[in-house]
Amino acid sequence: MIEACIFDLDGVIVDTARYHYIAWRKIAEELGFVFSKDDNERLKGVGRLESLEILLQIGQVNLDENEKNKLAKEKNEIYLKLIEGMTPDEILPGVTAFLKDLRKNNILIALGSASKNAPFILERTTLTPYFNAIIDGNMVSKAKPDPEVFLKGATQLGIEPAKCLVFEDAQAGIEAAINAGMHCIGIGEKENLKGADFVIPGFQEFNYDRLRSWYL
Ligand code: BG6
Ligand code: MG
């Protein structure tokens, strides 16, 4: 039986995945190469510096540490400009109703995000009060697919991993959930979410009753 749900943030609760993409595409442009939407799938769920490494690999660009740090900072500045005006309108359809439904049914809720900007985004969208635990990119040292972020969430909630269900939109996140010994539901397209127990397009048609019928 599921006792806790752990949510990824970007691409699951809010559509910030497209803002990350816009910001990285700008950096790629500056470096002189095209960064496609398909390439971007590899960055989803991955931390900022790790994402930069993948981007540089795709563009076959070599930089020293100093230049890398400068670019990561620049990417974040572009990203922050895109998210600074976020409102609750940008919460993905069905998310708030589902969070309410979970609370009504005494399911604990945690955030497990690689983003250092996660607390800011939860504040902007007024979602902070729904979460019993918030684990973000400032609190972990190992990027997904390492299970650290989800295991920390389970520990803070006091729930064993086998009773946790993760919602993820990234392949790296699905693998992190599996590595944590947790159940997981993918949000998006099946081909990008291999290994998930189930894949749903979003939370619009989803509720606690459906969850319970899947995880008896
Ligand atoms: C993840 C995103 O949630 O956070 C990644 O899926 C992003 O695309 C990562 O790189 C780190 O985010 P931030 O906000 O700390 O740069
Ligand atoms: Mg995500």
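Below, all heavy atoms of this structure are taken into account, side chains as well, without hydrogens, waters or symmetry copies. Counting starts at 1 for both ligands and their atoms, following the listed order.
At a heavy-atom distance under 4.0 Å, only backbone atoms of Leu43 (N, CA, C or O) approach ligand 1. Heavy atoms of Val46 found under 4.0 angstrom from ligand 1 belong exclusively to the backbone.
Ring planes of Phe7 and Phe167: parallel class, angle under 30° (limits at 30 and 60°).
The residue from Ala114, Ser115, Ala170 that puts a heavy atom closest to atom 13 (P) of ligand 1 is Ser115.
A side-chain hydrogen bond (donor to acceptor under 3.5 Å, both in side chains) with Thr16 is found for one member of Thr125, Asp10, Asn117 and no other, namely Asp10.
Remark: ligand 1 and Lys116 share an N or O pair separated by less than 3.5 Å (distance only, no angle test). Polar contact check, Asp10 against ligand 1: a nitrogen or oxygen pair lies under 3.5 Å apart. Annotation: Arg48 places an N or O atom under 3.5 Å from an N or O atom of ligand 1; distance criterion only.
Side chains of Leu71 and Leu31 form a contact here, defined as non-hydrogen atoms less than 4.5 Å apart.
Sorted by first and then second residue, the pairs that involve residues 35-45 and meet side chain to side chain donor-acceptor pair (under 3.5 Å), not counting sequence neighbours, are Ser36-Asp39, Glu41-Lys44, Arg42-Gln57.
Put simply, part of Gly45 is less than 4.0 Å from ligand 1, judged by heavy atoms.
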Side-chain donor-acceptor pairs of residues 85-93 under 3.5 Å, sequence neighbours excluded:
unit_1	atom_1	unit_2	atom_2	d
Thr87	OG1	Asp89	N	3.1
Glu90	OE1	Tyr19	OH	2.6

Residues 208-216 side chain polar contacts: donor-acceptor under 3.5 Å, at least two apart:
unit_1	atom_1	unit_2	atom_2	d
Arg210	NH2	Glu205	O	3.2
Ser213	OG	Arg210	O	2.7
Tyr215	OH	Asp197	OD2	2.7

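Under a 4.0 Å criterion applied to the non-hydrogen atoms of Asn117, ligand 1 contributes the atoms 13 (P), 14 (O).
Of the inter-residue distances, the one linking Ile135 atom CD1 with Leu157 atom CG reads 8.0 Å to the nearest 0.5 angstrom.
Each protein N/O/S atom under 2.8 Å from the Mg ion (ligand 2) was counted, for a total of 3.
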